[in-house]
Asks: 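Dropping a structure here in structure tokens format, bear with me for questions.
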Amino acid sequence: MTDMQPKTADDLFRFLDDLGIAHRTKQHAPVFTVAESVALRDEIPGGHTKNLFVKDKKDNYFLLTVEEHATVDLKTVHTLIGAASKVSFGKPEKLMEYLGVIPGAVTALGVINDHGKAVTLVLDADLMAEEIVNCHPLTNDATTSLSSKDLIRFAEATGHVPLVLKVTA
């Protein structure tokens with residue numbers, strides 16, 4: 001674990017700006033679940049995400065970012081993502097340690113805080129077919145929109161090479 005403070009949304013936006021990545025953020029009431037965020041759909045176009053922070057028995061961590069209504073079979077997804085065993089949900093302490101976020105604010109953009117490259121980012125192929133992808137900007141009281149291509153470019157700039165795989169049913 002590092003003693004570095006997690007990056008803030010403003011740090012994230014500066015990083016995106018420095019990369020020349022166009023992004024748009026809409027503030028809203030905090031949302032903790034996909035069900036709570038559905039009311040925002042008319043205001044924020046594009047693919048909306050659901051994020052699963054999981055680990056295998058060897059403590060390899062994965063962040064699965066999929067379309068919000070997609071189904072992930074946790075009994076078999078390990079065979080697709082290269083996990084050493086079936087996966088289970090990671091603990092909130094590890095979520096904060098690696099991605100700098102709390103439950104309810106999990107986001108692919110959290111890899112900006114994963115300096116040790118402890119988490120493998122898995123982006124579902126169906127989600128990445130969307131032109132625009134919407135993610136929390138490290139907090140759950142806003143939604144940041146960026147192109148799917150720029151989401152990959154962002155991840156790569158953090159030192160993560162995301163796996164783009166079909167992991168949903």
Side-chain angles (χ1 to χ4, degrees), residues 1-2 4-9 12 15 30-38 46-130 133-146 148-169:
M1 176 153 167
T2 72
M4 294 179 70
Q5 288 285 32
K7 299 220 181 309
T8 65
L12 171 68
F15 187 77
V31 293
F32 293 89
T33 65
V34 167
E36 289 177 350
S37 66
V38 167
H48 293 268
T49 57
K50 171 169 58 178
N51 297 276
L52 306 173
F53 180 66
V54 298
K55 67 180 255 344
D56 66 17
K57 69 180 179 189
K58 291 189 174 181
D59 288 335
N60 296 307
Y61 286 84
F62 301 84
L63 177 59
L64 309 177
T65 299
V66 303
E67 193 278 328
E68 67 182 340
H69 297 297
T71 301
V72 176
D73 185 349
L74 290 178
K75 292 179 181 153
T76 61
V77 74
H78 67 284
T79 64
L80 302 171
I81 63 174
S85 66
K86 289 184 179 175
V87 297
S88 59
F89 288 103
K91 302 247 183 277
E93 301 79 35
K94 290 296 184 184
L95 183 59
M96 178 54 74
E97 178 182 344
Y98 294 142
L99 299 179
V101 296
I102 60 170
V106 185
T107 172
L109 300 175
V111 297
I112 195 171
N113 287 309
D114 182 24
H115 305 290
K117 316 300 176 283
V119 178
T120 299
L121 178 60
V122 180
L123 302 171
D124 187 62
D126 288 350
L127 174 68
M128 297 311 289
E130 295 279 346
V133 175
N134 296 290
C135 305
H136 286 312
L138 309 176
T139 63
N140 64 352
D141 60 355
T143 298
T144 296
S145 307
L146 65 162
S148 54
K149 288 181 178 123
D150 281 340
L151 178 57
I152 291 172
R153 199 158 65 85
F154 158 81
E156 290 172 344
T158 69
H160 294 78
V161 178
L163 302 176
V164 178
L165 304 169
K166 173 87 169 123
V167 295
T168 55

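Please read all numbers here as calculations on a predicted model, not as lab measurements.
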Asks: For the NE2 atom of H69 and the CD atom of E67, what is their distance to the nearest 0.5 Å?
Replies: 5.5 Å
Asks: Can you tell me if K166 has over 12 outside heavy atoms packed within less than 6.0 Å of its NZ?
Replies: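 Atom NZ in K166 is packed in, count exceeds 12.
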Asks: Could you verify whether a donor N or O on one side chain and an acceptor N or O on the other, from S88 and K86, lie under 3.5 Å apart?
Replies: no
Asks: Rounded to the nearest 0.5 Å, what separates atom CE in M128 from atom OG in S148?
Replies: 4.5 Å
Asks: Looking at every heavy atom in both S85 and D56, which two are closest together, and how far apart are they?
Replies: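 Looking at all heavy atoms of both residues, the closest pair is OG-CB, 3.4 Å.
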Asks: Could you report the tightest heavy-atom contact between L121 and A108, atom names first, then the distance?
Replies: CD1-CB, 4.0 Å
Asks: Kindly give the heavy-atom pair with the smallest separation between H48 and L127, and that separation in Å.
Replies: O-CD1, 4.3 Å
Asks: Can a donor-acceptor pair be found, under 3.5 Å and without considering hydrogens, that links the side chain of D150 to the backbone of R153?
Replies: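 No: the side chain of D150 does not pair with the backbone of R153.
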Asks: Strictly under 6.0 Å, is that where the ring centroids of Y61 and F53 end up?
Replies: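 They qualify: ring centres under 6.0 Å apart.
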Asks: Between P162 and L123, which heavy-atom pair has the shortest distance, and what is it?
Replies: CB-CD1, 3.7 Å
Asks: Quickly, which of N140, T139, N134 forms a side-chain contact (heavy atoms from CB on, under 4.5 Å) with H136? Name it, please.
Replies: N140
Asks: Would you say N113's side chain and P6's backbone share a donor-acceptor pair under 3.5 angstrom?
Replies: no
Asks: Under the criterion side-chain contact (heavy atoms from CB on, under 4.5 Å), which of D124, I81, L165 is the partner of L64?
Replies: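 The residue from D124, I81, L165 that satisfies side-chain contact (heavy atoms from CB on, under 4.5 Å) with L64 turns out to be I81.
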Asks: I'd like to check V66 versus V167 (side-chain heavy atoms, cut-off strictly below 4.5 Å). Are they in contact?
Replies: yes
Asks: L74 and side-chain contact (heavy atoms from CB on, under 4.5 Å): which partner among V72, T71, T76?
Replies: V72
Asks: Roughly how far, to the nearest 0.5 Å, is the CG atom of L12 from the CG atom of L138?
Replies: 5.0 Å
Asks: V119 vs F62, test: side chain to side chain contact (heavy atoms under 4.5 Å, CB included). Steps then yes/no.
Replies: CA-CA 5 Å; V119 178; F62 301 84; 5.6 Å; no
Asks: One pair to check against side chain to side chain contact (heavy atoms under 4.5 Å, CB included): L109 and L151. What are the steps and the verdict?
Replies: CA-CA 8 Å; L109 300 175; L151 178 57; 3.9 Å; yes
Asks: Atom CD of E130 and atom OG of S145: how far apart are they, to the nearest 0.5 Å?
Replies: 11.5 Å
Asks: Starting at CG of N60, measure out to NE2 of H78 and round the result to the nearest 0.5 Å.
Replies: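 N60 atom CG to H78 atom NE2 measures 13.0 Å (nearest 0.5 Å).
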Asks: Examine F15 together with F154 and report whether their ring centres are nearer than 6.0 Å.
Replies: yes
Asks: Testing T107, N51, T49 one by one against T65 for a side-chain hydrogen bond (donor to acceptor under 3.5 Å, both in side chains), which residue passes?
Replies: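 Between T65 and the candidates, side-chain hydrogen bond (donor to acceptor under 3.5 Å, both in side chains) is satisfied uniquely by N51.
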Asks: Please give me the minimum heavy-atom distance between T158 and A155, naming the atom from each residue.
Replies: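 Nearest heavy atoms, T158 then A155: OG1-O, 2.6 Å.
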Asks: What are the two closest heavy atoms between P92 and P103, and how far apart are they?
Replies: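 For P92 versus P103, the nearest heavy atoms are CB-CG, 3.9 Å.
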Asks: Quick one, M96 and V101 - any side-chain contact, counting heavy atoms below 4.5 Å?
Replies: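 No; the side chains remain at least 4.5 Å from each other.
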Asks: Taking the side chain as everything from C-beta on, heavy atoms only, tell me whether K94 gets closer than 4.5 Å to K55.
Replies: no
Asks: Nearest 0.5 Å, please: how far is OG1 in T120 from CG in L63?
Replies: 10.0 Å
